[in-house]
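Written out below as structure tokens is the structure these notes cover.
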Amino acid sequence: MQLRNDLRNIAIIAHVDHGKTTLVDQMLHQSGIFRENEAVAERVMDSNDLERERGITILSKNTAVMYNGVKINIVDTPGHADFGGEVERILMMVDGVLLLVDAFEGCMPQTRFVLKKALGLGKKPVVVVNKIDRPGARPEEVIDEVLDLFIELGADDDQLEFPVIYASGRDGYASADPYEPGTDMKPLFEAIIEQVPAPSGEIDGPLQILFSNIDYDDYIGRIGIGRVERGSIKSGQQVALCKNDGTSKNVKITKLYQFEGLKRVETDDAKLGDLVCVSGIADLNIGETACDVDCIEPLPFVKIDEPTVSMMFMVNNSPFAGKEGKYVTSRNLRDRLFKEVETNVALRVEETESADTFKVSGRGELHLSILIETMRRQDFEFQVSRPSVILKKIDGVTCEPIEFLTVEVPDSYVGAVMEKLGSRKAELINMAPREGGTNVIEFRIPARGLMGYRSEFMTDTNGNGIMSHVFDGYEPFKGEIFTRHQGSLIAHETGDTTTYGLFAAQERGRLFLGAGVPVYEGQIVGASPKNEDITVNVCKKKHVTNTRASGSDDALKLTPHTVLSLEQSLEFIADDELVEVTPKSIRLRKMILNKELRLKHQFRGN
């Protein structure tokens, strides 16, 4: 066995909003990657528009820095459990993980999810307590929580002896002492080099590269990203590609790249432990192995957890179909969804009996809503149904996905939260008070019970609550959960909304539209406080007469309407409703637009 002491491969894992991307920014800056006069965006690793808007990491990305002659390959991973498919395969490329924990919030569910995967694969952890300059920081308690979590997740003795670094990503320093602020990131770099194992193996052995990620370039086509597990590789070399179906074929590596800073730099060769990008293999997929043609030995790939939520993607058939989108046909929709499956390993797409409908399954509502938003920005127009959980038969018993839910709420809102979650079949596990009059409460709850709950939670806590959840396994079906307590306000006819019509409709409930907006019959224009649908005429015009009465012609004042985001729309709709998604609009509608046909269908169903 030979060691590559000039190389370290690490992944950074953390809960959402614990400062992971900001810390990577500082590591890049202080390693001298950028020129002194180079203009660099904040959160430079969040390169995707959606990531910048939402302030979250969605796709895992690679970067590399040099420190004292040692190359450190860093993989930035998402902090949301819904993007766990990105995390699981990336852990195959690294030897150690940087576990980033907020000095105030401590261990959160996503930390638990990714850490369990990393410890299970035997990765060496380095714990970084970030934001130690934050008011209310409690670094020593957080380290105790991390140790408890390691023990709970079955870490071995070596993993339990983890080094701890205290840092402030915002201010750009790291320190070995929580009460002694540092001056730079030097302690962190040194901890990585000392504690993370160097890649080891046979440098002179036959080639093996395991591909864990796929990228695409408009000029050079499909790019496979993987780690050289054994031997070395040269640009232009013939290799045997071991496919996921057990077959193999000879292919040529046309170009070879390595990471330097944020750039892919062309190189002539790479060896054991290097993270490389290869081009020239048109049908390369995630989990496949490139081997020496004389020694074909495929490597096992990590098992990706199955999807837990599914929804139907359909061709748009509303009266406004084709007016705003560029790609509207079933062929366009099919090609785009199957293309997504090639790089998004946690996603599943199935064709249904109808040629216009596809069943898409993913890790959660956020996982699917990010796909919908991405397609919308690419000029696709389509409809989606309400998300539904995927049930499984285990030993003849119907089981459903269960989530581990953590909520942090002020004392005054605990009762409202407990009451709502109790009706959604949540089971209380732990409740701990925090400084400042807040409580951290842990539940296990069916994934069905969480659908549509986030907006209620924000209302119940006046925006003061924080909730996060992670998949926790399958359990026997918990019975019926009634999650929607309001009906819909439905447009009576096709036309443009008027102030007069909306003024009369707003007494029936909360509106989603303003005046002068085109609507069609069967479109949902608001929410009713009652548990039943109400048809309203929002296009009604006031009859013109010669009669004038004092007071009756005063300007009508409308209550400001609620604009629903894509996630809120998916949470709101019932089983007989759809969300119509176009590049310019998000509309809610009934599956059956005509009121008479809708009532007949309802009557038959009863």
Side-chain angles (χ1 to χ4, degrees), residues 50 53-54 56 58 80-83 307-318 325 333 336-337 340 344 346-349 357-378 380-390 400-401 403 405 424 445-459 467-469 471 481-490 510 512-513 522-528 533 561-591:
L50 268 175
E53 283 173 27
R54 293 168 183 245
I56 60 172
I58 295 169
H80 265 286
D82 282 22
F83 310 115
T308 57
V309 172
S310 69
M311 62 200 307
M312 297 297 180
F313 280 55
M314 303 166 229
V315 172
N316 188 9
N317 60 2
S318 82
L333 189 58
R336 177 64 184 82
L337 289 173
E340 183 69 24
N344 197 336
L347 199 75
R348 303 278 184 277
V349 178
T357 306
F358 303 89
K359 183 181 179 183
V360 181
S361 307
R363 280 291 185 84
E365 288 175 89
L366 184 64
H367 185 203
L368 294 172
S369 72
I370 291 291
L371 169 63
I372 294 167
E373 184 63 38
T374 305
M375 289 174 62
R376 180 185 171 215
R377 292 177 184 215
Q378 293 168 350
F380 282 84
E381 182 179 311
F382 53 99
Q383 298 177 143
V384 292
S385 69
R386 183 173 191 249
S388 59
V389 299
I390 299 170
E400 64 175 331
E403 300 274 327
L405 170 70
R424 290 168 177 263
I445 181 171
R448 290 177 299 136
L450 278 176
M451 288 182 181
Y453 176 62
R454 188 173 293 273
S455 54
E456 282 187 40
F457 174 74
M458 296 312 284
T459 305
M467 66 176 272
S468 47
H469 53 90
F471 174 67
I481 299 176
F482 192 67
T483 57
R484 179 163 153 173
H485 301 281
Q486 52 187 348
S488 302
L489 299 182
I490 305 162
R510 177 170 51 111
F512 298 155
L513 300 171
Q523 183 177 333
I524 296 168
V525 295
S528 161
D533 295 337
H561 62 277
T562 305
V563 179
L564 296 184
S565 66
L566 177 60
E567 277 88 3
Q568 288 170 327
S569 300
L570 293 173
E571 282 185 0
F572 176 79
I573 57 172
D575 293 332
D576 64 337
E577 295 167 356
L578 301 171
V579 177
E580 178 187 349
V581 181
T582 76
K584 295 178 182 174
S585 312
I586 294 173
R587 300 185 187 95
L588 281 66
R589 53 161 288 188
K590 285 288 183 183
M591 279 186 187

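Scope of the values below: all heavy atoms of this structure, side chains included, with no hydrogens, waters or symmetry mates. Quick caveat, the model's predicted, so the values are computed rather than measured.
- Atom-to-atom distance recorded for Thr308:OG1 and Glu400:CD is 11.0 Å, nearest 0.5 angstrom.
- Nearest approach of Leu566 to Val581, heavy atoms of both residues: CD1-CG2, 4.3 Å.
- Between the side chain of Thr582 and the main chain of Lys584, a donor-acceptor pair closer than 3.5 Å is present.
- Test Ile586, Ile372, Leu564, Ile524 against Val579 for side-chain contact (heavy atoms from CB on, under 4.5 Å) and you get one pass: Ile586.
- Annotation for Gln568 and Val563: closest pair OE1-O, 3.8 Å, computed over non-hydrogen atoms.
- The nearest pair of heavy atoms linking Arg348 to Pro307 is CG-CG, 3.5 Å.
- In this structure, CD in Glu577 is found 12.0 Å from CG in Leu570, a value given to the nearest 0.5 Å.
- The backbone N or O of Ala527 sits nowhere less than 3.5 Å from a side-chain atom of Arg510 that would complete a donor-acceptor pair.
- By the 4.5 Å heavy-atom criterion applied to side chains, Arg336 and Thr374 are counted as neighbours.
- From Ser369, atom OG reaches atom CD of Glu571 across 9.5 Å, with rounding to the nearest 0.5 Å.
- Here the CG atom belonging to Asn317 is positioned 8.0 Å from the CG atom belonging to Leu578, to the nearest 0.5 angstrom.
- Shown here for Ser361 and Ser310, the closest heavy-atom pair between the two residues is OG-CB, 3.4 Å.
- The closest side-chain heavy-atom distance from Leu337 to Leu371 is below 4.5 Å.
- Here the CD1-CE distance, from Ile370 to Met375, works out to 13.5 Å after rounding to the nearest 0.5 Å.
- Between Phe382 and Met314, the shortest heavy-atom distance links the atoms CB-O, 3.2 Å.
- In plain terms, the two heavy atoms of Asp575 and Met591 that are nearest each other are O-CE, 3.3 Å.
- For the side-chain hydrogen bond (donor to acceptor under 3.5 Å, both in side chains) test, residues two or more places apart in sequence or in another chain that qualify with Arg376 are Glu373.
- Counting only distance, with no hydrogens or angles, the side chain of Ser385 and the backbone of Met312 share a donor-acceptor pair below 3.5 Å.
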Q.
I'd like to know whether Lys590 forms a side chain to side chain contact (heavy atoms under 4.5 Å, CB included) with Ile490, so could you lay out the CA-CA distance, the side-chain angles of the two residues, the decisive distance to 0.1 Å, and finally the verdict.
A. CA-CA 8 Å; Lys590 285 288 183 183; Ile490 305 162; 3.5 Å; yes
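- The backbone N or O of Ser488 sits less than 3.5 Å from a side-chain atom of Asp533, completing a donor-acceptor pair.
- Within the 4.5 Å cutoff, side-chain heavy atoms of Thr562 are placed close to those of Phe512.
- Using a 4.5 Å cut-off on side-chain heavy atoms (C-beta onward), Met451 and Glu365 make contact.
- Inter-residue side-chain proximity for Gln523 and Leu513 is flagged as met; some heavy-atom pair is nearer than 4.5 Å.
- For Arg587, the salt bridge (Lys or Arg N to Asp or Glu O under 4.0 Å) partners at least two apart in sequence or on another chain are Glu324, Glu580.
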